[in-house]
> 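Can you keep this structure in mind? I'll have questions shortly.
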Amino acid sequence: MQNQSITMDNTKERDAELYATYRKFMNELNTTHAEAVRAAVNAPASRYWVSPNYLYREIRRREQGRAGKLNRPLCKSRLYDRLYSDYLSIRERPLYRNMPIYALCDFLVARPAPSFFLSEKRGDEIVKRFRG
């Protein structure tokens, strides 16, 4: 699988996807800006917008018992909790058992995500930047 590390281009892709989701909610729900931002950041995303490398480091930290030492925003903690839980559930399956951890990370982040794992404040900043 091709490495899909988050780069500036990926950030632009994430932001464009979030803005398109926001516009969809604005058009379909005929709602306020704040409600559309809230709906957009909580809507499913096409992938987990995190680098496989960051996930790899997080898995290693957790396996070494060092995960609790990081001070992260709640949305990032939820993101890594979800991905680590998924990692634990698939790593022993026959198809994935012999796969290197980094390859598993690449696979995990490329899957559709249940949300953008962004705060409403961050989502609002992204939308406002797109609206200019």
> Looking only at non-hydrogen atoms, find the nearest pair between Ala45 and Ser115 and report the distance.
CB-O, 3.8 Å
> Could you work out, with side-chain hydrogen bond (donor to acceptor under 3.5 Å, both in side chains) as the rule, every residue matching Glu35, not counting sequence neighbours?
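For Glu35, the residues satisfying side-chain hydrogen bond (donor to acceptor under 3.5 Å, both in side chains) (neighbours in sequence not counted) are Thr31, Thr32.
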> Count the heavy atoms of every other residue, nucleotide or ligand shown that sit under 6.0 Å from CG of Asn27, and state whether that count exceeds 12.
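Enclosed: over 12 neighbouring heavy atoms sit under 6.0 Å from CG of Asn27.
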> CG of Asn42 to OG1 of Thr21: how many Å apart, nearest 0.5 Å?
11.5 Å
> What distance do Tyr19 atom OH and Lys24 atom NZ have between them, rounded to the nearest 0.5 Å?
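Those atoms lie 15.0 Å apart.
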> After noting the C-alpha distance and the side-chain angles of Asn53 and Tyr102, does the key distance pass the side chain to side chain contact (heavy atoms under 4.5 Å, CB included) rule?
CA-CA 7 Å; Asn53 190 43; Tyr102 193 84; 4.0 Å; yes
> Got a second to check how far Glu58's CD is from Lys76's NZ, nearest 0.5 Å?
11.5 Å
> Can you tell me which residue among Arg57, Glu63, Arg62 is in a side chain to side chain contact (heavy atoms under 4.5 Å, CB included) with Arg60?
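Result for side chain to side chain contact (heavy atoms under 4.5 Å, CB included) with Arg60: Glu63.
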> Please report the shortest heavy-atom distance between Ser119 and Cys75, naming the atom on each side.
N-SG, 3.7 Å
> Picking from Arg91, Glu92, Arg93, what satisfies side chain to side chain contact (heavy atoms under 4.5 Å, CB included) with Ser89?
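Only one option passes, and that is Arg93.
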> If Ile, Leu, Val, Met, Phe, Trp and Tyr residues are connected whenever their side-chain heavy atoms lie under 4.5 Å apart, and connections chain through other members, are Phe107 and Leu55 in the same group?
yes
> Side chains of His33 and Arg131, heavy atoms from C-beta outward: is any pair under 4.5 Å?
yes
> So, for Arg82 and Pro114, which heavy atoms are closest and what is the spacing to 0.1 Å?
NH1-CG, 3.4 Å
> Kindly write out the residues that satisfy side-chain hydrogen bond (donor to acceptor under 3.5 Å, both in side chains) with Arg129, not counting sequence neighbours, or none if the list is empty.
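Per chain and number, Arg129 pairs via side-chain hydrogen bond (donor to acceptor under 3.5 Å, both in side chains) with Asp15.
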> So, Ser85 side chain and Asp81 main chain: donor-acceptor pair closer than 3.5 Å or not?
no
> Please determine whether side chain to side chain contact (heavy atoms under 4.5 Å, CB included) holds for the pair Tyr80 and Val50, giving the CA-CA distance in whole Å, both sets of side-chain angles, and the decisive distance to 0.1 Å.
CA-CA 9 Å; Tyr80 285 117; Val50 64; 3.2 Å; yes
> Looking at every non-hydrogen atom in both residues, tell me the closest pair between Pro52 and Asp106 and how far apart they are.
CG-OD1, 3.3 Å
> If two hydrophobic side chains count as joined below 4.5 Å and joins carry through other members, does Tyr87 share a cluster with Ile90?
yes
> Does the ring centre of Tyr22 sit less than 6.0 Å away from the ring centre of Phe130?
no
> Rounded to the nearest 0.5 Å, what separation is found between the CZ atom of Phe116 and the CH2 atom of Trp49?
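Going from the CZ atom of Phe116 to the CH2 atom of Trp49 covers 8.0 Å.
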> So that I can tick it off, tell me whether Lys128 and Glu125 are bridged by a salt bridge, with the cut-off set at under 4.0 angstrom between side-chain N and carboxylate O.
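Answer for the salt bridge query: no.
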> Quick one: do Tyr48 and Asp86 satisfy side chain to side chain contact (heavy atoms under 4.5 Å, CB included)? Show the steps, please.
CA-CA 12 Å; Tyr48 285 85; Asp86 290 351; 3.8 Å; yes
> Is it the case that one hydrophobic cluster holds both Tyr84 and Tyr54, taking links as side-chain heavy atoms less than 4.5 Å apart, direct or via other members?
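Result: yes, single cluster for both.
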> I want to check something: taking the side chain as every heavy atom from C-beta on, are Lys12 and Glu17 in contact at a cut-off of under 4.5 Å?
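Answer no - side chains too far apart.
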> Find the distance between CG (Leu79) and CG (Leu118) and round it off to the nearest 0.5 Å.
9.5 Å
> May I ask you to decide if Leu108's main-chain N or O and Arg111's side chain share a donor-acceptor pair within less than 3.5 Å?
yes
> Run the side chain to side chain contact (heavy atoms under 4.5 Å, CB included) test on Cys105 and Ile59 for me, step by step, so that the C-alpha distance in whole Å, both residues' side-chain angles and the decisive distance to 0.1 Å come before the verdict.
CA-CA 9 Å; Cys105 293; Ile59 288 170; 3.6 Å; yes
> Return the CD1 to NZ distance between Ile126 and Lys121, rounded to the nearest 0.5 Å.
12.5 Å
